[in-house]
Amino acid sequence: MKEDKKQVGELFDSISLKYDFLNHFLSFNIDKKWRKKAVKVLSSKKEKLLDVATGTCDLAIEVLRQGKAEQIVGVDLSKGMLEKGQEKINKLNLNRNITLLKEDCQNLSFEDNSFDSAMVGFGVRNFNDLDKGLKEIFRVLKPKGEFVVLEFSKPKYKIILYFYNIYLNKLLPLIGRLFSKHIYAYTYLPNTIKEFIYGQEFIDKLKEIGFENATTKELTFGVATIYKSIKP
Ligand SMILES: C[S@@+](CC[C@H](N)C(=O)[O-])C[C@H]1O[C@@H](n2cnc3c(N)ncnc32)[C@H](O)[C@@H]1O
């Protein structure tokens, strides 16, 4: 897995043109609702929000739509994903509110205590070094800053887990391959979902980094989870 993760920027470059379409198609558009719910858990409007692993910027755009931040900085490793995001920002005329930077979140260029809040949507499981990424986010957040993570998890009910596994192991790679021709990418993605920590284990990780008051909200039978925590 570590070897795979080294190439994560290139991997997302290779699927960036089809990413949005496949995301919505493979999730039956549920991903849009999940992002809305994740943004909703942020408290009232803040000045500056960091969207880590912003990809094609759907989460950043949703933050603005819900009026949860004045200024958003989106960072991502993948030039291809950022270019797709920039196209959307240009189209929606949001250049004054959203700034995109090609950065590795494990080594951010920002000063300590720079942001009022931070989010990661479907990104943490791709970090090469989860601890390093989370520590950097902790560092750049202001005290009392909110941190919201939206990530895949595993359904609790056995019957749902059964169908979910068929979907993840068979259907998702097949559809991904058909549409994107990137066989490796759509085998890698389900693997990251299967192997990533979730629920209490992820809460423990947040606590270990220093975050406090961690809460969770399960979505769609636990297929995804929203984690909210605070930098003390
Ligand atoms: C599944 S996409 C999620 C994109 C977007 N947040 C969304 O909600 O659709 C994961 C993104 O994480 C980015 N990523 C992975 N590791 C990263 C890192 N260390 N630093 C910055 N971005 C990273 C990838 O390039 C990719 O664009």
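All ligand and atom numbering here is 1-based and tracks the order in the structure. Below, all heavy atoms of this structure are taken into account, side chains as well, without hydrogens, waters or symmetry copies.
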TODO: Give the residue, atom name and distance (to 0.1 Å) of the protein heavy atom nearest atom 2 (S) of ligand 1.
DONE: Tyr19 OH, 3.4 Å
Task: Positive for side-chain hydrogen bond (donor to acceptor under 3.5 Å, both in side chains) with Lys142, one of Asp116, Asp112, Asn113 - done: Asp116
List the atom pairs, donor and acceptor, that lie under 3.5 Å between side-chain atoms in residues 210-223 and the rest of the protein, sequence neighbours left out.
{"from": "Glu218", "atom 1": "OE2", "to": "Lys156", "atom 2": "NZ", "distance (Å)": "3.1"}
{"from": "Thr220", "atom 1": "OG1", "to": "Trp34", "atom 2": "NE1", "distance (Å)": "2.8"}

Open item on the list: Tell me whether the count of non-hydrogen atoms from other residues, nucleotides or ligands lying under 6.0 Å of NZ in Lys194 goes above 12.
Closed with: yes
Task: ligand 1 atoms in contact with Asn126 (distance to a heavy atom under 4.0 Å) - done: 10 (C), 15 (C), 16 (N)
- [ ] Tell me, please: is Asp58 in heavy-atom contact with ligand 1, that is, under 4.0 Å?
- [x] no
Open item on the list: Quick check: is Ile230 connected to Ile226 through a chain of hydrophobic side chains (ILVMFWY, heavy atoms under 4.5 Å apart)?
Closed with: no
Open item on the list: For the residue pair Glu195 / Asn191, report whether a side-chain donor-acceptor contact shorter than 3.5 Å exists.
Closed with: no
- [ ] Consider every N or O of Val52 and every N or O of ligand 1, then say whether any pair is closer than 3.5 Å.
- [x] no
Open item on the list: Heavy atom to atom 6 (N) of ligand 1, shortest distance: which of Gly80, Ala53, Gly55 holds it?
Closed with: Ala53
Task: Polar contact flag for Val75 and ligand 1 (N/O pairs, less than 3.5 Å) - done: no
Open item on the list: Using a 4.0 Å heavy-atom cut-off, which part of Arg35 comes near ligand 1: side chain, backbone, both, or neither?
Closed with: side chain
Task: Identity of the nearest option to atom 24 (C) of ligand 1, non-hydrogen atoms only, from Asp104, Asp76, Leu77, Thr56 - done: Asp76
Open item on the list: What I want to find out is whether Arg35 reaches Glu62 closely enough, with some N-O distance under 4.0 Å, to be called a salt bridge.
Closed with: no
TODO: Give me the ring orientation class for Phe12 and Tyr19: parallel if the planes are under 30° apart, tilted from 30 to 60°, perpendicular past 60°.
DONE: perpendicular
Task: Ligand-side contact atoms (ligand 1) for residue partner Cys105, heavy atom cut-off under 4.0 Å - done: 18 (C), 19 (N), 20 (N), 21 (C)
